[in-house]
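Following: one structure in structure tokens, then a few remarks.
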Amino acid sequence: MQDKNRKRTLDPSTTVIPFVLVLSLCIFFLVSPERSTETLTSIRGFLGDAFGSYYLLIALGIFLVSLWIAFSDIGKITLGKKGEKPQYGFWSWGAMVFTCGIAADILFYSMCEWIYYAQESHVQEMGSIQDWASTFPLFHWGPTVWSFYATLAACFGFMLHVRGVHKQKYSEACRPILGKQTDRLPGKIIDVLAVVALIAGTATTFSVATPLLSNALTTLLGVSASKMLTIAILLVICLVYTFAVLKGLKGVSWLANACMYLFFALLLFVFFFGGKTRYIVETGITALGNMTQNFITLSTYTDALRQNLFPQNWTIFYWAYWLVWCVASPFFMGSISRGRTVKQVILGTYVFGLSSTLLSFIILGNYGLGLKMFGQFDSVAFYEQTQDLYATVIAILSHLPLSKLFLLVLAFSMIAFYATSFDSITLVASQYSYREIREGEEASKKMRLFWAILLILLPIALIFSEGSMNNLQSVSIIAAFPIGMVIVLIIASFIKDAKAYLRE
């Protein structure tokens, strides 16, 4: 009887419609790759060029508002009953916050993103590669993007644990302003858009760092890279996170803790045994200083004369991508934050998410930069020659002592990162599929299994068409344009509702 009732409560607008839309897009990519690429590239280019300031201002605004909320009276609100203790310990909560917000991309980009910046004319105009190639990764993965997570986690946590709503959807968070329109067409559009952006964003993320994992395994096993190996890797990841998600939040928590231990083991090994400890520390301090002193300048740089296109290619791209990627993660972060105050959620997200991300880029990135600056290995020249960033990363890591062992731990860490990110997203997406679901109630195992499989199908399909992957990235960036407006609406609704709650 319970299963029958559940079937009737499924919401087709957040299950069938997004699935059909994304499937149609993939077919369009595969059947007409050139036409689809041209169309999406032109739309993406238009938004970045004509509306670049829109992305920059939304991002800076959310960061500033997150600090205001944390230190205002709203920050004192407990997500739950007054005096209620947190549902999870500080470490377990922080581990889930960090790992659900960042996938295995962090390990890949930490080691190589500075190489991109070292080739940018804008970086060379600002000063030396030493000072600025190490600064921009901290900026593009730093306070701004984590403010998206922190603020939305507080919004959704308030909605779930204080107001006790039974609809865990993006549109529901807009109800204080939208009112009855939440249950009508505007609310449906918001929810469909959110799920499509979620699927596109997760598929893109899966496709970015998987080749590094494939390269690490081919180096370890001495076999040649192939599409079948990459598919096998994706299936293993799928099995791990499907097993965890079927176990519910206990499985997710256990996997998140394991992921954190592996992650910090990698960082400590490079820091202490890579031979660049002093350089890593000093370059990291300089980069943090550069970012802090120039934060507003970096956040508002538009390249109005279009001399280098740096903000269009990098800053605007990142803000748009993170706006799409944070569709699901903050829901999960809010759901595990019962018993914490709004201030604790926001500042705790910065403590765990931001600090762990900065540490990763400072240690792993500055190790590779140090090899170049000391003349031990010029990874920039190697990349220019090979045009293979994944091979470049493997070449950097080969300079570490016990490099084969490091690659093995790296492979396990990337699998754990992918699994912890996607099991939390799977939990949220499966709950999103119901018209109503009460707090503490989990989606059926069949629904969780459906989303676990759906999220892995697109990355597997993308392996056979690089153009499709680029197109899906463009879909993510384009989707960020309306998603940005929705996020502003959610935050405004939260502030309005929280002020009303304080008056009550």
Side-chain angles (χ1 to χ4, degrees), residues 37-66 101-102 105-106 109 112-126 132-133 135-149 151-152 193 196-198 200-201 204-205 208 290-291 294-327 329 354 357 361 469-489 491:
T37 299
E38 289 174 5
T39 303
L40 291 174
T41 301
S42 62
I43 297 173
R44 176 179 171 177
F46 171 74
L47 291 176
D49 185 64
F51 295 96
S53 298
Y54 161 80
Y55 293 100
L56 295 177
L57 291 175
I58 279 185
L60 181 59
I62 293 174
F63 171 70
L64 296 175
V65 167
S66 75
I102 292 270
D105 301 34
I106 187 174
Y109 282 116
C112 70
E113 187 159 321
W114 68 269
I115 297 174
Y116 284 127
Y117 299 128
Q119 299 173 301
E120 285 284 347
S121 60
H122 178 59
V123 171
Q124 294 164 12
E125 291 167 4
M126 295 188 72
W132 288 99
T135 298
F136 276 107
L138 305 189
F139 173 63
H140 287 143
W141 292 70
T144 303
V145 295
W146 279 101
S147 73
F148 301 165
Y149 288 132
T151 311
L152 287 175
L193 181 67
V196 171
L198 164 69
T204 304
T205 300
V208 167
N290 281 338
M291 180 184 70
N294 298 278
F295 183 77
I296 299 298
T297 301
L298 296 175
S299 299
T300 54
Y301 177 64
T302 60
D303 185 29
L305 297 178
R306 300 297 187 268
Q307 294 176 324
N308 52 57
L309 297 178
F310 185 84
Q312 287 74 26
N313 292 335
W314 289 105
T315 308
I316 292 168
F317 164 79
Y318 264 123
W319 292 176
Y321 182 66
W322 284 103
L323 285 170
V324 173
W325 177 241
C326 74
V327 167
S329 297
L354 177 59
T357 304
F361 277 92
M469 206 263 289
N470 293 329
N471 287 341
L472 205 54
Q473 284 180 326
S474 294
V475 170
S476 300
I477 304 311
I478 294 166
F481 187 78
I483 284 288
M485 299 178 195
V486 174
I487 289 174
V488 170
L489 183 61
I491 295 171

Using the test side chain to side chain contact (heavy atoms under 4.5 Å, CB included), find all partners of [X] that sit at least two apart in sequence or belong to another chain.
X	answer
S53	T302
L193	P482, I483
F51	F46, L47, Y54, F481
E125	S121, H122, N308

Do F317 and F310 have ring centres separated by under 6.0 Å?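 Not close enough - the centres of the two rings lie 6.0 Å or further apart.
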
Give me each pair satisfying salt bridge (charged side-chain N to carboxylate O under 4.0 Å, His left out) with a member in [range], each pair once, sequence neighbours excluded.
range	result
residues 55-65	none
residues 305-325	D49-R306
residues 308-325	none

With [X] via side-chain hydrogen bond (donor to acceptor under 3.5 Å, both in side chains) - residues at least two apart:
X	value
Y149	W325
E120	W314
S329	none
Q124	none

I491 CD1 to F148 CZ distance, which is reported to the nearest 0.5 Å: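 I491 CD1 to F148 CZ: 9.0 Å, rounded to 0.5 Å.
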
Identify the two heavy atoms, one from C326 and one from I487, that lie closest to each other, and give their separation to 0.1 Å.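 Shortest heavy-atom contact: SG-CD1, 4.0 Å.
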
Heavy-atom distance under 4.5 Å between the side chains of F136 and W114, does that happen here?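 Not in contact.
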
Between I316 and W319, is any pair of side-chain heavy atoms under 4.5 Å apart?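 Sidechains of W319 and I316: no contact.
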
Any donor-acceptor N/O pair, D303 side chain to Q307 backbone, under 3.5 Å: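 Side chain of D303 to backbone of Q307, a donor-acceptor pair under 3.5 Å: yes, one is there.
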
Would you list the pairs meeting side chain to side chain donor-acceptor pair (under 3.5 Å) in which at least one residue belongs to residues 136-147, sequence neighbours left out?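 Residue pairs passing side chain to side chain donor-acceptor pair (under 3.5 Å), neighbours aside: E113-W141, Y117-H140, H140-T315, W141-Y318, W146-T357.
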
